[in-house]
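Report on the structure given below.
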Amino acid sequence: MLLGTHHIVWMTLFFIVLAGYTFKLSGGLTSAAIGISLVFLHTEVFPLLIIPVYFAIGAAAGYVSQSIDNKGTNHQQWTEMLMNQSKHLQVFREVSTTMQRTLQQEMLLKVILTSVTAGHGLGFNRAMIFLSSNETQSLKGVVGVGPMDVKKGYEVWEKISEDKLRLRDLIEHNFDSNFTDPELNAILRSLDIPLDGKNVFSRSLTRQQPVIVNEIDESDLSQTLINRLFETEEFAVVPLINQGKNIGILLIDNIVNKRGITLMDTENILPLANQAAIALDHASLYQQIEEMALRDGLTGLFNQRAFQTILDDYFPSEVKDPGPLSLIIFDIDFFKVFNDKNGHLLGNEVLMKLAKVIEGSLAPGDFSFRFGGEEFVVLLPGTSLPKAEAMAEVIRQNVEAASFPGEETQPHGTLTVSIGTACTDHPAITSKNELIEAADQALYQAKRSGKNTVVTFKEFVCID
């Protein structure tokens, strides 16, 4: 308009290109229609050719602009995706390296949960682990990381930011003291969720796939329980499975930032969950092997190797003083006669039955061992000699009252034991070997005194 009507055709063309580039395809077509109207109103002879030209140029400008914008968006999306993948690979690398250093279940749980919840990890606000119990066909809550409520969540995040903690720092140094909420873990450890085949935990393990709970299903008691105890409206359960074996469940949620959990989130966590399942299964097998190495194969009681370890842990010293430690040692009276008359197979049955009688006689915190043959030992941490004498008498009476196969062939018609006791509160006992030797001497005295009796080391003034 300023330059005169004879310039309106090419100026309108410039306007169409600018509008198409700025407002995409719709802007290009709209500006073309407006341009045609302007030319029609301000020219004496309207050239019909400008109609298809204007629309073609408007559409082309809009299409080019849209394509450039889409490419920019796609590039940004790919960049973000690659950065996330790189972050996940870094997390998996650190987690894998740390897992390979240990077979201790507690440390493995620490690694798994920290890598899921840390800002430097996969970034979920909270994570909890439930492990399968084959005995009860249920899931038992073990440990969780994250806040019990939103306020505590922000406090933890501020702590991480202030200390500039990396994932490795969180795993190695700060997990226990700063990031395990005592209230959350107390509630979690009290949970025992049955695997009834219907609830969300059972479905996840059966299908071997993560399940996202976007809305609480009131008919599922496990969902309502999690919602009520942990105040979460949305969570996901990820199965921990190794070679078809149900190891447990990893439960994740975002209680603080309320970010929705997507299918992509669960896909990203699956590699870590699979790695965790393998490590936890191996740790469980290792613990079983370790336990077997400390147990007597026949009776199931601890063996001599375990005895030395536990004796080291509880023997009073200048460094540690857990209180007096009492030792009871005993063997079966006339057991050689029994084996000669009844055979060693029946003798083994007697030993197994005797082990059950011993364990049934002890209080929580006491330890029983088979030393070999017919000789047994009991350790009583924090127990004085008078209480040890009373316990020894309980064991003697329980053995005498119990029914054993083939005991009628014994000299007195019943199976009995002779018992010797000693305690570290005796002034003559200053070492572990002296404690064992003192109880052993008391046992020999019980044998010489007619058997089926209890003798304590207090009668002696020195150790030969």
Side-chain angles (χ1 to χ4, degrees), residues 294-296 298-304 306-307 310-311 313-316 322-335 338 347-408 410-426 429 432 435-460:
L294 298 175
R295 295 280 180 179
D296 173 60
L298 179 64
T299 63
L301 300 181
F302 285 120
N303 57 23
Q304 288 197 46
F307 172 77
I310 296 174
L311 182 61
D313 290 339
Y314 287 96
F315 193 85
L325 176 66
S326 292
L327 186 147
I328 300 174
I329 187 169
F330 54 95
D331 64 14
I332 302 174
D333 297 326
F334 306 109
F335 193 60
F338 182 94
N348 287 342
E349 290 187 30
V350 168
L351 293 173
M352 289 188 287
K353 176 67 179 292
L354 179 59
K356 293 180 180 178
V357 173
I358 295 169
E359 288 190 310
S361 304
L362 301 182
D366 297 336
F367 301 93
S368 54
F369 309 83
R370 183 189 177 199
F371 257 37
E374 73 276 21
E375 192 171 57
F376 294 82
V377 170
V378 170
L379 275 178
L380 308 174
T383 303
S384 61
L385 187 58
K387 292 182 179 179
E389 288 182 87
M391 176 60 72
E393 182 60 28
V394 168
I395 293 173
R396 188 198 67 77
Q397 292 178 6
N398 288 347
V399 172
E400 188 176 24
S403 176
F404 292 90
E407 66 177 353
E408 65 277 0
Q410 289 292 81
H412 300 291
T414 185
L415 190 128
T416 60
V417 293
S418 297
I419 303 177
T421 66
C423 182
T424 56
D425 56 12
H426 194 288
I429 299 174
K432 290 173 284 188
L435 177 64
I436 298 170
E437 180 63 24
D440 211 30
Q441 282 195 21
L443 172 61
Y444 288 139
Q445 182 64 28
K447 290 288 188 183
R448 290 192 293 265
S449 300
K451 300 180 174 58
N452 191 25
T453 187
V454 176
V455 174
T456 64
F457 182 70
K458 64 184 179 181
E459 286 89 1
F460 304 95

> Taking everything shown except K353 itself, do over 12 heavy atoms lie less than 6.0 Å from its NZ?
Replying inline: yes
Could you pull out the closest heavy-atom pair between [X] and [Y], with the gap in Å?
X    : Y    : result
F404 : V399 : CE1-O, 3.4 Å
L327 : A439 : CD2-CB, 3.3 Å
E349 : P405 : OE1-CG, 4.1 Å
A392 : T421 : CB-CG2, 3.7 Å
I329 : V377 : CG1-CG2, 3.8 Å
F330 : I395 : CZ-CG2, 4.2 Å

Can you find a heavy atom in the side chain of [X] that is under 4.5 Å from one in the side chain of [Y]?
X    : Y    : value
S384 : D425 : yes
I332 : F338 : no
L325 : L311 : yes

Out of curiosity, [X] [atom1] to [Y] [atom2], how far, rounded to the nearest 0.5 Å?
X    : Y    : atom1 : atom2 : value
D366 : E359 : CG    : CD    : 11.5 Å
R295 : N303 : CZ    : CG    : 9.0 Å
I436 : I429 : CD1   : CD1   : 10.5 Å
N398 : K356 : CG    : NZ    : 15.5 Å
K447 : I419 : NZ    : CD1   : 10.0 Å
S403 : L415 : OG    : CG    : 10.0 Å

> Are R370 and L351 close enough, and set up right, to give a side-chain contact (heavy atoms from CB on, under 4.5 Å), and what steps lead you there?
Replying inline: CA-CA 9 Å; R370 183 189 177 199; L351 293 173; 3.4 Å; yes
>> Among F376, F371, F302, exactly one meets ring pair (Phe, Tyr, Trp, His ring centres under 6.0 Å) together with F307. Which residue is that?
In response: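 One option only clears the test, and that one is F371.
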>> Could you walk me through whether M391 and L380 satisfy the side-chain contact (heavy atoms from CB on, under 4.5 Å) test, starting with their C-alpha distance in whole Å, then the side-chain angles of each, then the deciding distance to 0.1 Å, before giving a yes or no?
In response: CA-CA 9 Å; M391 176 60 72; L380 308 174; 4.1 Å; yes
>> Ignoring hydrogens and geometry beyond distance, is a side-chain donor-acceptor pair present between E393 and Q397 at under 3.5 Å?
In response: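 E393 vs Q397: donor-acceptor pair found between side chains.
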>> Closer than 4.0 angstrom, basic N to acidic O: yes or no for E400 and R396?
In response: yes
> Under a 4.0 Å N-O cut-off, is there an ion pair linking D333 with K451?
Replying inline: no
>> Looking at N452, is its backbone amide N or carbonyl O close enough to the side chain of S418 to form a donor-acceptor pair, meaning the two atoms are under 3.5 Å apart?
In response: yes
